Structures are given as structure tokens and as C-alpha cells.
**Q** 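Please read through the structure below; I'll follow up with questions.
Note that the structure is a prediction, hence the values are computed from the model and not measured. Every chain is numbered from 1 and lettered A, B, ... according to where its sequence line falls, protein lines coming before strand lines. When reading the values below, keep in mind they use all heavy atoms of this one structure, side chains included, and skip hydrogens, waters and symmetry mates.
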Number of protein chains: 2
Amino acid sequence: MTRTDTQTAILDAAQELIQTRGANGISYQHISDMVRIRKASIHYHFPTKEKLVEAVLRRYRVQFLGVVDAIVASGVSAPAKLRRYADLFAATLREGAGLKVCLCGMLGAELATLGRPAVAQVQRFYRENAERLARILRQGRASGTLHFVGDPRTAGMVVFSALEGAMLVSRADGGIRDFRRLRDQTLKLFGA
Amino acid sequence: MTRTDTQTAILDAAQELIQTRGANGISYQHISDMVRIRKASIHYHFPTKEKLVEAVLRRYRVQFLGVVDAIVASGVSAPAKLRRYADLFAATLREGAGLKVCLCGMLGAELATLGRPAVAQVQRFYRENAERLARILRQGRASGTLHFVGDPRTAGMVVFSALEGAMLVSRADGGIRDFRRLRDQTLKLFGA
DNA sequence: GTCTATAGCGCGATAGAC
DNA sequence: GTCTATCGCGCTATAGAC
């Protein structure tokens, strides 16, 4: 499990490239151009491209959900949690050089070309995020700080998929400015 | 502008493939497998892959916006228009064999790998859809049938990007069933 | 663990017969 | 308009030296 600096650097480059161009839009050469390593040497750390994508996915999911869980466990109000959660997406979008979408938003689009393990990782990311959001929404409604109708689980999926869609659309057109507008308006719909 | 049967068949196959696998996940061979034509012959109708993607995009945008404009111009209430609009996305998702996402949702993800003309087409699709939605929302608020706070233009973008995100996420996990739940809950947020 | 070299394949695109 | 044949390239992946 202990990861070397080289492995981390490869994962960093691969993740950034996938979030920008998609898994089908990159090659080992692209990674080699970013990391000080020859493309053949990448296979020593990650034998196939499929394994590399899986490794990127696993790290991303664990890291992202860790931050989400910290937000859920924090003592702030439900609207504040919702706001912090949405800011994770804003931070992702601005991260690095160009605009990046969520790794799992990108791989969700490319789902039909991924292997079974990668597909399972993407599905798990979606479910776990929606579940955390459902908890926040349930808490907010119980304490009277959030207002919405219907099942909190569905509402959690709505918030999650709306943010994924907002990243995708705002990257193409208005960038982070538009994303913030979409985020604010979306949160308002839940009374936050 | 008159299109032959062969050109239409190629565009149909290319569109279906792109909506499922993405532009970077398909090849002329994939199209050749679906249409009764050799892969080299496709170049006669669409000289490069980039031109083919552009042609698919243009046809999709014109066709989709045509239906949207018919909904906008129809005499039904704003909530009914919103509902019919959302049903276009549900229909797209179920269309054909496997689950398909919106062509421009898919190409939005792959935006960084597309040529300038294709990028412009995707942006235009986003803008035009958000603009039509803004009109519906404005009408609904004025007539007291829809309820939301803030700028109708931003709200239009919210509805559009939420539906794009809902397609993406529900394709990965619960399919059309989940999409309908997301659609219903989203419309409720606007009082529809 | 990283390198050079290369196998082996699929890709987009072109040439030229029909 | 469609075909066969092929070019040239980039891709993932492997072999073997260091």
C-alpha cells in the first residue's frame, strides 16, 4: 500500500489528464511528457492502462469521500455543510492549469468503454456521495434549516447530479463564474 | 444540403456510437460495422473524423432545438412545457439499444480533445437550451405557475445542467427509473 | 526501477481500380 | 460511390540491457 513518489507523480499526472481530456483522450506518452519518466517505465508501476485508471479512481474516491465525511461530521449547520460540499466541486473545477471536471463525471461519460472494476468504482462514488448528501439534507430538514419536498435520498442524488452537470456545462462556457452562479441558485432551491 | 440515405445512415450510426462511447471511444470501423459500408468509403461523405463529428453535432442541435422551440411555442402551461422539455432527455436516454446520454453532454466532457468548430457547436447548444428554459421559467413565474428566486437566465442554466447531470449519473446506476425520479424532484423544486 | 528498442495492432486517411 | 489495398502513425505492452 505504501506508494512511492514516482507512483504518486504518475497518478497525479494521469488524474489531471483524465479530468481534462478523458481516459480515451490520453496516452502513456501524455503522462510521460508531464512526469520525468519514459512511457515504457510507467508499466512497471501500473501494468495496464485499465489498472492505472482503477488506481486513479480508487485514490480519488477515498480522498474525496474523506473530505466529504469530515464535512458531514463537522458541527456546522446543514446549509453550511451543503455549501462546503458544493465548494469541493468549485475547487476541483479551478484546480491546476485548465478547467477540470470531476473525475467520476468524466468517467461516467466514458462508462461504456471502461472495464468492470472501473465501472463499479464510478457507481460507488455516485452512491456514496448521494448518501452523504441525503444525510445532510435529512438533518437540515429536521432542524428546519433546509426546505424541500420528497425523499432525502432522491434529493441527495439531485444535488449531486446537478453539481456534476454544472461542472460539465460551466467548463464549456462561462467557467468558474458560471459554476458559482449555478451552485448558489441550486442551494437556494433547498432553502440554503 | 440534400442528404443521401448513406449519409443519413452514417450520421445515425456515428451519433448513436458517440452518445454511448464518446467521440474518442469510436472509430470508422465501429461505424462500418453498423452501416453496410466499408470504412474507407465513409471518407467520401465525411473527409475527416472532425468533420463527421461536426456534422453529427449540427444535425443534433438543429433537430433538438426544433422540438424545444415547438414546446416553447405551444399553448400549454409553463409547468407542462418544463415537463415536456425534461421528457426529451428521458427519451434520449432510452433511445436505441443501450442507455445514451445527450450528445452534447458527452462531447462537453470530451471538449478538450475537440476542434474549435465542434467546441463552438457544443457551446451554442448549451446557450440555446438555457435560453429557451429561461423563457419558460420567466413565463411561469409571471403567470404564478412556477416559483423560484433569482435570475431566470441562471435558473434556466440550472435546469439544463441538472438534467444533463441527471442523465450522466442515472445511466451509470439506476437507469431510466432513477432519471425519472431526478426529473420529478427537480421540477418540484421550481414548483412544477 | 528505469532505460532503449521493438513487437503488434488499430487508427485516420489516401490511391486507384471499378 | 464503393471497393481493395496500403501508407504512416500512435497506441499499449513486452523484452532485455543496465
**Q** Are A/Y44 and A/L11 linked, directly or through intermediate hydrophobic residues, by side-chain heavy-atom contacts shorter than 4.5 Å (ILVMFWY only)?
**A**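 Shared cluster, no.
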**Q** Would you kindly confirm whether B/L187 and B/V76 end up in one hydrophobic cluster when ILVMFWY residues are joined by side chain heavy atoms under 4.5 Å apart?
**A**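 B/L187 and B/V76: separate clusters.
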**Q** Find the distance B/R38:CZ to D/dC3:C1' and express it as a whole number of Å.
**A**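 In whole Å, D/dC3 C1' and B/R38 CZ are 8 Å from each other.
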**Q** Does a side-chain N or O from B/Y44 land closer than 4.0 Å to OP1 or OP2 of D/dT2, or not?
**A**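 No, B/Y44 has no side-chain N/O under 4.0 Å of OP1/OP2 on D/dT2.
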**Q** Looking at B/Y85, does the NZ or CZ of B/R132 lie under 6.0 angstrom from its six-membered ring centre and within 45 degrees of the ring axis?
**A**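 No, B/R132 and B/Y85 do not form such a contact.
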**Q** Just how far, in rounded Å, is C1' of C/dT4 from CD1 of A/I42?
**A** 15 Å
**Q** Kindly confirm or rule out a cation-pi arrangement of A/R171 over A/F179, judged by NZ or CZ under 6.0 Å from the six-membered ring centre and within 45° of its axis?
**A**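 No - A/R171 does not lie over the ring of A/F179 by the 6.0 Å and 45° rule.
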**Q** Are B/V67 and B/M167 in one and the same hydrophobic cluster, where Ile, Leu, Val, Met, Phe, Trp and Tyr link if side-chain heavy atoms are under 4.5 Å apart?
**A** yes
**Q** Quick one: is D/dT2 close enough that its OP1 or OP2 comes under 4.0 Å of any side-chain N or O from B/T6?
**A**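 Yes, because at least one side-chain N or O of B/T6 sits under 4.0 Å from OP1 or OP2 of D/dT2.
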**Q** Take atom CG of A/N24 and atom C1' of D/dT12, then tell me their distance rounded to the nearest Å.
**A** 13 Å
**Q** Could you encode protein contacts along nucleotides 11-18 of chain C as a string, one character per nucleotide from 5' to 3', using B for base contact, S for sugar-phosphate-only contact and - for no contact, with a heavy-atom cut-off of under 4.0 Å?
**A** SBBB----
**Q** Atom CD of B/Q7 and atom C1' of D/dT2: how far apart are they, to the nearest Å?
**A**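 Atom-to-atom, B/Q7 to D/dT2, this comes out as 14 Å.
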**Q** For a quick test of reading the model, state the closest non-hydrogen atom pair linking A/Y28 to A/K49 and the distance between them.
**A** OH-N, 3.1 Å
